[in-house]
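Throughout, protein chains are lettered first and strands after them, A, B, ... in sequence-line order, and every chain is numbered starting at 1.
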Amino acid sequence: MEAHSSEVFVIGLTVFFLACIIGYYVVWSVTPALHSPLMGVTNAISSVIIVGAILAAGPQGFDTSKIFGLIGVVLASVNIFGGFLVTYRMLSMFKKKTKKTKEKE
Amino acid sequence: MVAILYLISALLFIFALRGLSHPESSRMGNIFGVIGMIIAVFTTLMFKSVLSYYEIGAAILIGGAIGSFIALRIEMTALPQLVAAFHSLVGLAAVFVAAAAFYDPVAFSIGKVGSIKTASLVEMSIGTFIGAITFSGSVLAFGKLQGTISGKPIVFKFQHLINALIFLLIIFLIVLFVINQSPTIFWTIVIVSILLGFLVVIPIGGADMPVVVSMLNSYSGWAACGIGFTLSNNLLIITGALVGASGAILSYIMSKGMNRSIINVVLGGFGGEQDTSASKDNSDKIVKQGNAEDAAYIMKNADSVIIVPGYGMAVAQAQHALREMGDILKKEGIEVRYAIHPVAGRMPGHMNVLLAEANVPYEEVLELDEINHDFPMTEVSFVIGANDVTNPAAKTDESSPIFGMPILDVEKSQSVLFVKRSMATGYSGVDNELFYRDNTTMLFGDAKKMCEDIVKSLSA
């Protein structure tokens with residue numbers, strides 16, 4: 001049991017460090033002009049924590065844990081919808097090209 | 001199967017960030033992110049233990065409606081507050097998930113009530129701790145950005161010592177919690193961490209907010225990671241690490257933009273009114289004042305203009321009027337470009353979003369190192385709502401608090417137009433010697449009004 005759980009932990013740790021390295025390179029490639037949308041997207045995806053909240057809210061009946069889970073689902077959903085939508089709004093503003101602005105004149 | 005679907009979801013999240021390397025690919029990236037999230041949610045709903053679809057569906061609808069409503073209504077100038085508020089929710093959600101796991105460990109297969117695995121307890125309490133700090137820190141940051149709480153840094157005696165002691169107390173509580181698994185101690189950890197979150201952000205002043213917002217962004221990622229370890233869920237670990245890394249890099253870029261270490265920002269207390277009066281006496285120096293017509297005349301006769309926007313432009317909502325001014329100048333055949341300092345505004349990339357909102361093509365918006373060498377060849381620099389990021393004292397005056405900070409070299413252009421509300425010093429409390437130079441013309445007034453007046457004079 002103990003050996004097993006420590007193995008799981010090491011796998012988690014491996015995934016963690018590899019993900020940090022990927023994150024490092026991917027984020028440095030983000031153009032500074034899009035740093036605000038970057039915060040919007042990371043905010044939305046960090047709400048993937050909803051996975052944990054759904055697991056807690058999953059069982060039938062109503063106990064403390066389920067209520068906490070449901071609150072978690074609500075909070076995370078605010079972020080998921082809000083984060084992606086606000087990012088979408090920001091990014092669609094970056095769409096306009098020189099051409100279009102001239103046409104508008 | 002579940003693991004594969006989670007992996008696909010994690011990969012889509014990586015592509016979502018990767019897409020942001022260019023505005024053209026970024027929208028596709030955002031769609032990848034949405035798809036990844038949908039896969040993650042539906043995969044979890046397929047779990048055998050997940051049965052209460054109605055309650056979960058209702059919770060998602062409620063949250064989704066609130067989130068969509070806010071995201072669609074928010075003014076682009078209020079983005080920093082919004083992001084801070086969203087961070088606080090991630091932190092709070094992490095606390096609730098950890099609490100749920102603690103009260104019903106069977107649902108997460110991490111043991112039984114009263115005999116949860118030690119490793120899970122440690123991971124759970126770390127997730128809770130970071131989540132609670134993220135929550136309260138973001139709430140306070142939101143208040144400061146929104147203006148409900150004074151943006152001035154609040155500094156008191158033994159601040160750092162108190163924070164350090166509270167941190168030690170939390171470690172002690174976590175050890176205690178792992179040993180006796182008491183709910184009382186769990187909630188004590190939550191409350192003390194919330195307190196620490198407040199104390200950490202309280203000494204940090206308004207213009208350091210870009211660093212704070214990115215730091216809290218990073219924390220929200222690490223909180224997700226902590227929960228990921230508790231649940232042995234690779235998707236949460238990967239996503240948390242991506243977000244954590246992203247926030248950390250942004251904090252680093254922002255601190256570097258101010259030539260300060262992250263630690264220095266975190267310790268806070270920068271920029272207040274400490275030694276405004278003690279700084280060099282400039283009261284006898286003469287300032288050349290001008291009005292909108294002078295500005296219009298100067299710019300009309302130039303070949304090239306570089307516009308340097310700052311937080312003042314955001315406050316005055318001047319971006320649309322500014323773009324209009326730029327358009328007229330361009331029609332006159334004048335080269336117009338925008339120069340963005342990394343720490344201009346209240347969050348990373350703040351100015352870029354506002355200019356994009358006002359329809360300024362992103363090709364005309366350049367970063368500090370892309371445009372700085374062009375100032376000597378430029379006739380007019382039009383500084384609007386920025387101050388410290390143009391202050392030459394950062395290069396010359398070793399005693400200045402902003403010494404060493406990279407600045408936009410507007411002083412090298414032939415003439416400088418400075419739109420400002422009054423002669424007040426910038427955020428750092430440092431006087432700007434640029435105001436007193438011969439080639440500088442000060443345009444006092446509201447940034448938006450000034451741009452509109454210049455537009456009028458230009459079209460007249």
Toward chain A, the part of [X] with a non-hydrogen atom under 4.5 Å:
{"X": "B:His22", "answer": "backbone"}
{"X": "B:Leu72", "answer": "both"}
{"X": "B:Glu55", "answer": "both"}

State the [atom1]-[atom2] distance between [X] and [Y], to the nearest 0.5 angstrom.
{"X": "B:Ile237", "Y": "A:Leu13", "atom1": "CD1", "atom2": "CG", "result": "8.5 Å"}
{"X": "B:Ile14", "Y": "A:Ile45", "atom1": "CD1", "atom2": "CD1", "result": "9.0 Å"}
{"X": "B:Ser26", "Y": "A:Leu38", "atom1": "OG", "atom2": "CG", "result": "11.0 Å"}
{"X": "A:Ser36", "Y": "B:Arg346", "atom1": "OG", "atom2": "CZ", "result": "13.5 Å"}
{"X": "A:Ile49", "Y": "B:Ile227", "atom1": "CD1", "atom2": "CD1", "result": "5.0 Å"}
{"X": "A:Ser46", "Y": "B:Phe13", "atom1": "OG", "atom2": "CZ", "result": "9.5 Å"}

Show the nearest heavy-atom pair for residues A:Val15 and B:Asn234, with the distance to one decimal. CG2-OD1, 3.7 Å

Where A:Pro32 and B:Asn352 come nearest, the two heavy atoms and their spacing: O-OD1, 4.4 Å

Establish, from distance only, whether the side-chain atoms of B:Arg18 and A:Ser29 form a donor-acceptor pair under 3.5 Å. yes

Are [X] and [Y] close enough that some pair of their side-chain heavy atoms sits under 4.5 Å apart?
{"X": "A:Pro37", "Y": "B:Val353", "result": "yes"}
{"X": "B:Ile253", "Y": "A:His35", "result": "yes"}
{"X": "A:Phe16", "Y": "B:Ile238", "result": "no"}

Would you call the rings of A:Phe68 and B:Tyr103 parallel, tilted or perpendicular if under 30° counts as parallel and over 60° as perpendicular?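 Ring orientation, 0 to 90° scale: perpendicular.
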
